[in-house]
Structure formats: structure tokens, C-alpha cells
Amino acid sequence: MRQTPHRIPPLRQLIDTDLPAGELKRLRRVDALLRVADAQTHELRLTYGELSLVYRALQAARTLGAQPEENELLDDTIQLVDQALNGALG
């Protein structure tokens, strides 16, 4: 018996377009931020002390509730600054 090759579905069928509204909104924000980042790239140089101060300010903003609890941008920024601080030590 002759086997037929597996049919690969078109790409549009592999993309889940039935996402919750909140997820679509988040993806649009991420896309917009990435487009701006591509258009405007700047080098930033901070001392370890300045970077540490930025980290503490971000932590304070989270602790004081200045941003919504589940603010991904704040969490991502804290993680990025934390990585930079650890990189400076290593």
C-alpha cells in the first residue's frame, strides 16, 4: 500500500488567532515597543551606583504599588537591571 506524505498545513492555520483580548492588547504593546526600539537605539552608560539606584527605585515603585501588580514592563525592566548589575560583578 502506498503511503501519502504528511500534509503540512499552511502557516495561517498554525497561528492561533483566538486569543483573549488582554493577550492581544499585550502583544500589540510589545510589537509597538519593539518597533520604537528598532527606530531609536541609544547607548546608555551608568556607573554601578547609578544602576543600583535605578534598581532600588524600580523595586520601590513595585512595593508602593505605583504600577499595577502585574506590570510586565516593570518586571522585565527590574530583571534587565538585575542582570546588568550581576554582569558588572562577574
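In what follows, every heavy atom counts, from backbone to side chain, and hydrogens, waters and symmetry copies are set aside.
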inquiry  = I'd like to check the side chain to side chain contact (heavy atoms under 4.5 Å, CB included) partners of Arg26; sequence neighbours left out, ordered by chain and number.
reply    = Glu23, Arg29, Val30, Glu72
Salt bridge (Lys or Arg N to Asp or Glu O under 4.0 Å) contacts touching residues 44-54 (sequence neighbours left out) = Glu43-Arg45
Enumerate, atom names and distances included, each donor-acceptor pair closer than 3.5 Å involving a side-chain atom of residues 78-90, sequence neighbours excluded.
residue: Asn86; atom: ND2; partner: Asp82; partner atom: O; Å: 3.3

task = Taking all non-hydrogen atoms of both residues into account, name the closest pair between Leu73 and Thr77 and its distance.
result = O-OG1, 2.7 Å
Kindly list each side-chain donor-acceptor pair under 3.5 angstrom involving residues 53-61, sequence neighbours excluded, with atom names and distances?
residue: Tyr55; atom: OH; partner: Gln59; partner atom: NE2; Å: 3.0
residue: Arg56; atom: NE; partner: Ser52; partner atom: O; Å: 3.4

